[in-house]
*Asks:* 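Okay, handing you the structure first.
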Amino acid sequence: MIIKVVQVRDVAIIKVEELQPCADVLTFKAGRELEICGMRYELSDDLGEFKRGLLILGGVPFFVECNEERLCIAARAK
């Protein structure tokens, strides 16, 4: 599975084409590992700290907001 990440300051764009969304609103944890929809993926590099972002799962965009503990909530963009 290929996970593409672009990060600028405190904003990140995370794209996972092969993973389909499991809900309209979901939570995930971001760090050296990325846990989304009950699946855990190990990344080649640690995700830096970010507060907001965009998560793209299977072509479906989600707006993301994270706290200091890297716990994030994502809501489907319509």
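Just so it is clear, the model here is predicted, and its values are computed rather than measured.
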*Asks:* Working to the nearest 0.5 Å, report the span between CG of N67 and NZ of K51.
*Replies:*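 Going from CG on N67 over to NZ on K51, the span is 10.5 Å.
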*Asks:* Check this for me: does any side-chain nitrogen of one of R40 and E42 sit under 4.0 Å from a carboxylate oxygen of the other?
*Replies:*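 Salt bridge: no.
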*Asks:* Can you give me the closest heavy-atom contact between L47 and A30, atom names plus distance?
*Replies:*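 Shortest heavy-atom separation between L47 and A30 comes out as CD1-CB, 3.6 Å.
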*Asks:* Taking the side chain as C-beta and beyond, is there a heavy-atom pair between R70 and D46 under 4.5 Å?
*Replies:*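 SC-SC contact between R70 and D46 confirmed.
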*Asks:* If you take all heavy atoms of V64 and F50, which pair is closest and at what distance?
*Replies:*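 Here V64 and F50 meet closest at CG1-CE1, 4.2 Å.
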*Asks:* Counting only heavy atoms not in E49, do more than 12 fall under 6.0 Å of its CD?
*Replies:*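 Open: at most 12 neighbouring heavy atoms sit under 6.0 Å from CD of E49.
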*Asks:* Might you point out which heavy atoms bring L54 and P61 nearest each other, and give the distance in Å?
*Replies:*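 Shortest heavy-atom separation between L54 and P61 comes out as CD1-CB, 4.0 Å.
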*Asks:* Of the non-hydrogen atoms in Q20 and C37, which two are nearest, and what is the gap between them?
*Replies:*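 Looking at all heavy atoms of both residues, the shortest contact is O-SG, 4.4 Å.
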*Asks:* Could you walk me through whether I56 and F62 satisfy the side chain to side chain contact (heavy atoms under 4.5 Å, CB included) test, starting with their C-alpha distance in whole Å, then the side-chain angles of each, then the deciding distance to 0.1 Å, before giving a yes or no?
*Replies:* CA-CA 6 Å; I56 303 170; F62 288 80; over 6 Å; no
*Asks:* Evaluate whether atom CZ of R9 has more than 12 neighbouring non-hydrogen atoms of other residues, nucleotides or ligands under 6.0 angstrom away.
*Replies:*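 Atom CZ in R9 is not packed in, count stays at 12 or less.
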*Asks:* What is the minimum heavy-atom distance between G31 and L43, and which atoms define it?
*Replies:* O-CD1, 3.7 Å
*Asks:* Under the side chain to side chain contact (heavy atoms under 4.5 Å, CB included) rule, what do V25 and R76 come out as? Steps first, then yes or no, please.
*Replies:* CA-CA 6 Å; V25 177; R76 185 185 298 248; over 6 Å; no
*Asks:* Would you say Y41 has more than 12 foreign heavy atoms packed within less than 6.0 Å of its OH?
*Replies:* yes
*Asks:* At what distance, to the nearest 0.5 angstrom, does CZ of R32 lie from OG of S44?
*Replies:*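 Answer for the CZ-OG pair, R32 versus S44, is 7.0 Å.
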*Asks:* Determine whether V6 and I14 satisfy the following criterion, side chain to side chain contact (heavy atoms under 4.5 Å, CB included), listing intermediate values before the conclusion.
*Replies:* CA-CA 7 Å; V6 175; I14 303 168; over 6 Å; no
*Asks:* Taking 4.0 angstrom as the limit, do K29 and E35 come out as a salt bridge?
*Replies:*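 Judged by the 4.0 Å cut-off on N to carboxylate O distance, K29 and E35 do not form a salt bridge.
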*Asks:* Once rounded to the nearest 0.5 Å, what's the spacing between atom CD1 of I13 and atom CZ of R52?
*Replies:*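 Rounded to the nearest 0.5 Å, the CD1-CZ separation comes to 14.5 Å.
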*Asks:* Give, for atom CD of E65 and atom CD1 of I73, the distance between the pair rounded to the nearest 0.5 Å.
*Replies:*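 Going from CD on E65 over to CD1 on I73, the span is 9.0 Å.
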*Asks:* If I compare all heavy atoms of E17 with all of G59, which pair ends up nearest, and what's the gap?
*Replies:* OE1-N, 4.0 Å
*Asks:* Yes or no on side chain to side chain contact (heavy atoms under 4.5 Å, CB included) for L55 and I36, after CA distance, side-chain angles and deciding distance?
*Replies:* CA-CA 10 Å; L55 172 66; I36 299 177; 4.0 Å; yes
*Asks:* Group every Ile, Leu, Val, Met, Phe, Trp and Tyr by side-chain heavy-atom contacts under 4.5 Å, then state whether I3 and V60 land in the same group.
*Replies:*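 Same cluster.
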*Asks:* Same hydrophobic cluster for V5 and L71, using side-chain heavy-atom links shorter than 4.5 Å among ILVMFWY?
*Replies:*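 In one cluster with V5: L71, no.
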*Asks:* Applying a strict under-4.5 Å side-chain criterion to I, L, V, M, F, W and Y, I'd like to know whether F28 and V11 cluster together.
*Replies:* no
